[in-house]
Each structure stands twice: as structure tokens, then as C-alpha cells.
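Worksheet: the structure to be examined is printed underneath.
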Amino acid sequence: METNDVLDGAPTADTAARVREVIAAAGVSQREFARRVVMDPSKLSRSLSGTRRFTAAELARIADEGRVDAGWLLGTRARERAAAPTVEVEGGRPLQIVRETVRLIAEHGFHAVRVADIARACATSSAAIHYHFPGRAELLEAAVRWCMDEDTARRAARLAEADDAAAELRQLIALQTPRTAQQRRQWAVWLDLWAEAARSTAVGRLHSEYYRQWRETVADVVRRGVGQGVFRAGLDPQAAALTLTALIDGLATHVLSVGGPSSAAAADAMHAALTTHVTDTILAP
């Protein structure tokens, strides 16, 4: 199904103004609205400024989130509220689709997941999945973006709990150690996406951006730690972030390869190895 087949008509010059109305009515920031409709914030910004056209699928998700008629966004119909869904879905249908896609990818791998499987998990039709995400590539990109947003939010919450840079680094290590079912699921998705990133330009860009953000977060923590005197003087923040990231990725891959009761012991060993690395190379003696 082609994107332009989803809705009749094409975005008009007034479409951006109508989308702005929807965002204003939602009472959230533009970035938060982009997260809710699983859209690249920069694409939303460019579309609102008129330097990029919204795709039909993006307008479908915006209409779903704003509970407005998609035809009104396109300028082909008078404004009216869209009918409330028969079954309320937490976060809206697009986010439900993405959450279930992430769960299925973690359990079976991306290439083993069919649109029909996602539709069944969402108790809807394949046509409804295509309405919001016309192709597998767009759905995968949305799944990657959602994982990135969730990880960033958890990271910010953990850092807010810390008293100093040393505590911040311990929180980041705990966050990346796959102990819980949720953490293991997140890592399973990332492992699947590493291979996909080598084949897909769109996913590859997201993958690179996620790691850039993560390494910069770690580097910022290291800079603060050096300034606070809790980390070694003269420590190179970028080099420390790169080394720690490589250790986390390699150890987490091993933990994920261990199943059953042994997985908890493997996670403990990973955490101990990372803690030892931090003590020996980062913390002030």
C-alpha cells in the first residue's frame, strides 16, 4: 500500500496551520506531540514550517491523537470530531501498534513479525495497521524511535535521582544491565536492530543518533565527575564514554545469550565487571 493511498487528497498550504491547532489543543510541547504520534521531531518541525509535506500516514496518526477528522486536516471536509473508538486504547492506536511491534520483535525478531501478527496483538485489522504505518520500513523506524524515547526518558529519571556524578554513572550502569523482563526485551530489540541498521539507511541514522546521544550523556557525566573531584583528573570524557559503551554492549550481548536461571547470574556478573571497570579507571583513587 502506498502512503498516498491512505487518504484522499493531498496536504494543502493550510494543513500545517490545522496541525498547529491540534498540537495547541493537546496542551503539550511540539516534541512531546511528535513522540505521541511516533514522528521524527525534526520532520514535524519542517512540515509545520512548510519546508516539508506531511505524509498521509503522519496525518492519520495526528488525526488519531487529536481526535479530529483526517479530512479536515487535509482541507477536504468541514471540521468535526472523529468518532470515539469502540475500544479505548491507552496512548492511542499508533502507540499501541508500536508497543506491540516492539514486543513482537523482542520475542521473534523483526523479519519474523508479520503485519497480521501485529494486527492480532492489537485486536484490529491489517488495514488499520497500514492506515497508520503504510510499510514495514516505516513501522520499524517508528519502533526504533519509540525505544529511543523510552530509554531517554528512563535515563533522565535515573539521573535526576543521583546526588553526584559517581551516583549518576552507577544509575546509568544499572539502567543498561538487563535484569528485568523489560530491560531484556529492550536489549533484544536493540540486538535485532544492529543488524537491520547495517541494511537500512533510515534505521542506521536513528541507530547512530541514539548512540551519539548516549555517549554524550556519559561524557557529560564524566566531565561533571572530574569537576566535582570524584573522577580521575585529566580523564578524557569522550574516550571514557566510548570504552564504557563498548563494554556495556559486549557484556549485554553475552547476558542475552544466556537463558533460564543462569541469566540472573550473568546479569550480576556484567554489573560487577562494569563496576570494577569504573572503580579502576574512572573513579578518583
Side-chain angles (χ1 to χ4, degrees), residues 1-11 15-16 19 33-48 51-66 69-71 73-74 76 82 85 89 91-150 185-186 188-210:
M1 178 182 294
E2 295 294 325
T3 301
N4 290 335
D5 292 336
V6 180
L7 296 171
D8 293 330
T15 297
V19 173
F33 191 84
R35 187 194 71 80
R36 293 185 182 186
V37 297
V38 204
M39 185 176 175
D40 182 342
S42 67
K43 287 183 178 179
L44 176 59
S45 179
R46 295 200 306 274
S47 298
L48 290 173
T51 59
R52 175 187 180 274
R53 291 165 69 89
F54 285 104
T55 67
E58 288 166 352
L59 291 174
R61 300 200 295 272
I62 290 168
D64 184 277
E65 174 63 26
D69 185 85
L73 287 177
L74 285 166
T76 59
V89 177
R93 180 68 75 187
L95 279 180
Q96 181 201 29
I97 292 170
V98 171
R99 285 195 300 265
E100 289 301 322
T101 299
V102 169
R103 181 181 66 80
L104 290 170
I105 290 174
E107 292 176 359
H108 307 292
F110 175 72
H111 290 286
V113 177
R114 303 172 302 161
V115 172
D117 300 324
I118 300 168
R120 189 178 305 111
C122 294
T124 189
S125 65
S126 293
I129 305 297
H130 284 303
Y131 177 75
H132 292 97
F133 302 98
R136 286 171 61 88
E138 186 175 1
L139 187 52
L140 175 60
E141 184 177 345
V144 176
R145 186 168 300 285
W146 183 80
C147 286
M148 288 174 58
D149 288 343
E150 290 294 295
R185 184 164 54 247
Q186 185 92 348
V189 172
W190 283 124
L191 292 181
D192 207 52
L193 292 178
W194 281 346
E196 194 62 27
R199 307 184 188 98
S200 168
T201 302
V203 173
R205 283 196 299 267
L206 283 172
H207 194 262
S208 296
E209 176 60 17
Y210 170 78

(request) Indicate yes or no: does K43 engage E138 in a salt bridge with an N to O separation below 4.0 Å. (result) no
(request) Using distance alone, with no hydrogens and no angle criterion, decide if R93 and Q96 have a side-chain donor and acceptor under 3.5 Å apart. (result) yes
(request) Please check if the side chain of D192 supplies one atom and the backbone of V189 the other of a donor-acceptor pair under 3.5 Å. (result) no
(request) Check whether any side-chain N or O of R145 sits under 3.5 Å from a backbone N or O of V38 as a donor-acceptor pair, and report yes or no. (result)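 Between the backbone of V38 and the side chain of R145 there is no qualifying donor-acceptor contact (under 3.5 Å).
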(message) Taking side chain to side chain contact (heavy atoms under 4.5 Å, CB included) as the definition, give me every residue that meets it alongside S126, ordered by chain and number, with sequence neighbours left out.
(response)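 Residues passing side chain to side chain contact (heavy atoms under 4.5 Å, CB included) with S126: V115, A116, A119.
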To the nearest 0.5 angstrom, please state how far the [atom1] atom of [X] sits from the [atom2] atom of [Y].
X	Y	atom1	atom2	answer
I129	R120	CD1	CZ	11.0 Å
D69	L74	CG	CG	9.0 Å
R205	E141	CZ	CD	7.0 Å
T124	E100	OG1	CD	12.0 Å

(request) Evaluate the ring planes of H207 and W190, with Trp represented by its six-membered ring, and classify them as parallel (under 30°), tilted (30 to 60°) or perpendicular (over 60°). (result)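 Because their plane-to-plane angle is over 60°, the rings of H207 and W190 count as perpendicular.
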(request) With the side chain counted from C-beta on, respond yes when F54 and M39 share a heavy-atom pair under 4.5 Å apart, and no when they do not. (result)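 In contact.
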(message) Go through it in stages, so that I can follow the logic: the residues are D64 and R61, the test is salt bridge (Lys or Arg N to Asp or Glu O under 4.0 Å), and I'd like the CA-CA distance, side-chain angles, deciding distance and then a yes or no.
(response) CA-CA 5 Å; D64 184 277; R61 300 200 295 272; over 6 Å; no
(message) Give me the atom names and distance for the closest heavy-atom approach of A128 to I97.
(response) O-CD1, 4.4 Å
(message) On the six-membered ring of F110, is R136 placed so that its NZ or CZ lies under 6.0 angstrom from the centre and within 45° of the ring axis?
(response)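 Positive - R136 is close enough to the ring of F110 and near enough to its axis.
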(request) Output, in order, the C-alpha distance, side-chain angles, deciding distance and verdict of salt bridge (Lys or Arg N to Asp or Glu O under 4.0 Å) for E58 and R46. (result) CA-CA 13 Å; E58 288 166 352; R46 295 200 306 274; over 6 Å; no
